[in-house]
Amino acid sequence: MGGGPAVLSAAGIAMSLAAMVALQRYLAKRLPARRVKRRECPVCAYPVTAEHRFCEGCGREVVADCAKCGQRRRVGTMRCGACGAA
């Protein structure tokens, strides 16, 4: 029975790493949308106002043109408010 505890330890480490990767992917997908709802920058969570095109905290663009219709839309939203494109 060689390696029983080592195999269990390796399996536990592998499952922990997989759970951490899954959590990171989930948060990377969900955090920008939550921050936009709170009127924060989707990247750094600095409070932004509607009249600013760039974040004052990190300098990234928070309002951009929709690729489909060209209307202005908040960066981090799932769909365009004008045309509904994803």
Practice problem: Give me the one residue out of Val48, Leu31, Val75 that meets side chain to side chain contact (heavy atoms under 4.5 Å, CB included) with Pro42. | Solution: Val75
Exercise. Please report the closest heavy-atom contact between Gly84 and Arg79, naming both atoms and the distance.
Key: O-NH1, 3.3 Å
Indicate every side-chain donor-acceptor pair of residues 53-67 with a distance under 3.5 Å to a residue at least two apart or in another chain.
residue, atom, partner, partner atom, Å
Arg53, NE, Glu61, OE2, 2.9
Arg53, NH2, Glu61, OE2, 2.7
Glu56, OE2, His52, NE2, 3.3

Quiz prompt | Straight-line distance of Leu23 CG to Leu27 CG, nearest 0.5 Å | solution = 4.5 Å
Quiz item: Does anything in residues 30-47 pair up under salt bridge (Lys or Arg N to Asp or Glu O under 4.0 Å), and if so which pairs, sequence neighbours excluded?
Solution: none
Quiz item: Rounded to the nearest 0.5 Å, how far apart are CD of Gln71 and SG of Cys83?
Solution: 8.5 Å
